[in-house]
Amino acid sequence: MLDGDPLDVAPALLGMVLVHGGRAGRIVEVEAYRGEEDPASHAFRGRTPRNATMFGRAGLLYVYFTYGMHFCANVVCGPEGRAGAVLVRALEPIAGLEAMRAARAGRRRDGRAPADRDLCRGPANLTGALGIDRSYDGWDLLARPSLRTGPSLRTGPSLRTGPSLRTGQPLRSGAVARGPRIGITKAVEAPWRFWAEGSPYVSGAAGFRSASRG
DNA sequence: CTTTGGATCGTCT
DNA sequence: GACGATCCAAAGG
């Protein structure tokens, strides 16, 4: 399932559910990063301490820190030894909304939570809402039970709960939209971003931010 | 509504 | 020493 080309895995992740800390969201927007073949990928120049998780087995969580203050979460794709990952860019919140609001509110100047539609809209916003940070880099999203050892690569084993991925209602292929990735400066033309057509929880121009409907 | 600039620091050159 | 797989708020139309 996840053990394939990120370009194939990305649309298949739409509709799956990311769970952590009593909070959960349905994946509605993703981007594929194809490792050493992809100039926009962290792994384009080969393995480094930061991107080591991208070379791990399919189903691991790759979390990186950026812009001095944000974390972004990726699902690693197989095969092991080959870098590849799918960046999760937006979720439709489905559980633990109150905890999400509190987490998001704490990081804003006015201390107020954003609208529910914006809770998990954007790659750094969704990690903030769910409470996912770099201490979960290398975590196994598929292992059961939810209590397990990890993360393995950076901080050493510890016993605690962590993020997991659950199957959800898959999207009809006709309901999947596709276009260029966001926020990159290399390979800007590759249409490797996928999202749930019409979803108000999607970031970027395809979202309904401007067309603000109730 | 759109545009612009500041925040803030790990990572790689 | 430069630059992000970003977000937010203030300023401008």
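By convention in this document, chain letters (A, B, ...) are assigned in the order of the sequence lines, proteins followed by strands, and residues within each chain are numbered from 1.
- If you take CZ of A:R121 and C1' of C:dC8, they are 14 Å apart, rounded to a whole angstrom.
- Of the residues near DNA chain C, A:I184 and A:R108, the one whose nearest nucleotide (by heavy atom distance) lies more toward the 5' end is A:I184.
- At whole-Å resolution of the value, NZ in A:K186 and C1' in C:dG4 are 9 Å apart.
- Across all their heavy atoms, A:G122 and A:S203 have their closest contact at N-CB, 4.1 Å.
- Rounded to whole Å, atom P of C:dT6 lies 11 Å from atom CZ of A:R193.
- Counting any heavy atom pair closer than 4.0 Å across all strands shown, A:N125 reaches sugar-phosphate atoms only and no base atom.
- What separates CD of A:E31 from C1' of C:dT6 is a distance of 12 Å, to the nearest Å.
- For A:T185, whose side chain is taken as the heavy atoms from C-beta onward, the closest listed nucleotide among C:dG4, B:dC9, B:dT11 is C:dG4.
- Residues A:I184 and A:F44 do not share a hydrophobic cluster, clusters being chains of Ile/Leu/Val/Met/Phe/Trp/Tyr side chains in contact below 4.5 Å.
- Between A:D110 and A:M54, it is A:M54 whose nearest contact on DNA chain C lies nearer the 5' terminus.
- Shown for residues 75-107 of chain A: residues whose heavy atoms fall under 4.0 angstrom of DNA chain C, namely A:L87, A:R89, A:R104.
- The side chain of A:R181 contributes no N or O atom lying less than 4.0 Å from OP1 or OP2 of C:dA5.
- The other residues sharing a hydrophobic cluster with A:I94 are A:V17, A:V19, where clustering joins ILVMFWY side chains under 4.5 Å apart.
- Here A:A124 lies in heavy-atom contact (under 4.0 Å) with sugar-phosphate atoms only.
- Contact between A:L97 and A:L119 at its shortest, heavy atoms only, is CD1-CD1, 3.8 Å.
- One can place CG of A:D133 at 15 Å from C1' of B:dG10, the figure rounded to the nearest angstrom.
- When rounded to the nearest whole Å, the span between CG of A:N51 and P of C:dG4 equals 16 Å.
- Counting only N and O atoms by type, the side chains of A:E92 and A:S199 include no donor and acceptor under 3.5 Å apart.
- The two residues A:A113 and A:A105 have their closest heavy-atom pair at N-CB, 3.6 Å.
- Residue contacts for A:Y33: at a heavy-atom cut-off of 4.0 Å it reaches a base atom on one of the strands shown.
- Between the side chain of A:N125 and the backbone N or O of A:R121 there is at least one donor-acceptor pair closer than 3.5 Å.
- Counting all heavy atoms, side chain and backbone alike, A:Y201 lies closest to A:D116 at CE2-O, 4.3 Å.
- Annotation: side-chain contact (heavy atoms from CB on, under 4.5 Å) contacts of A:A10 (sequence neighbours excluded): A:V30, A:A32, A:V86, A:F194.
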| query | Given pairs defined as Watson-Crick or G-U wobble with both distances under 3.5 Å, what dot-bracket annotation applies to DNA chain B, with ( ) intrastrand, [ ] crossing, | other strand and . unpaired? | reply | |||||||.||||.
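- Separating the CZ atom of A:F65 from the C1' atom of C:dG4 is a distance of 11 Å, rounded to the nearest angstrom.
- Put simply, CZ on A:R45 is 13 Å from P on C:dA5, counting in whole angstrom units.
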Between the protein and nucleotides 4-8 of chain B, list every N/O to N/O distance that falls short of 3.5 Å.
{"residue": "B:dT8", "atom": "O2", "partner": "A:Y67", "partner atom": "O", "Å": "2.6"}

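- Residues that satisfy the side-chain contact (heavy atoms from CB on, under 4.5 Å) test with A:N74, not counting sequence neighbours, are A:Y62, A:Y64, A:A85, A:L87.
- The cationic atom of A:R89 (NZ for Lys, CZ for Arg) does not lie both less than 6.0 Å from the six-membered ring centre of A:W195 and within 45° of the ring axis.
- Within a 6.0 Å sphere centred on CZ of A:R108, other residues, nucleotides and ligands contribute more than 12 heavy atoms.
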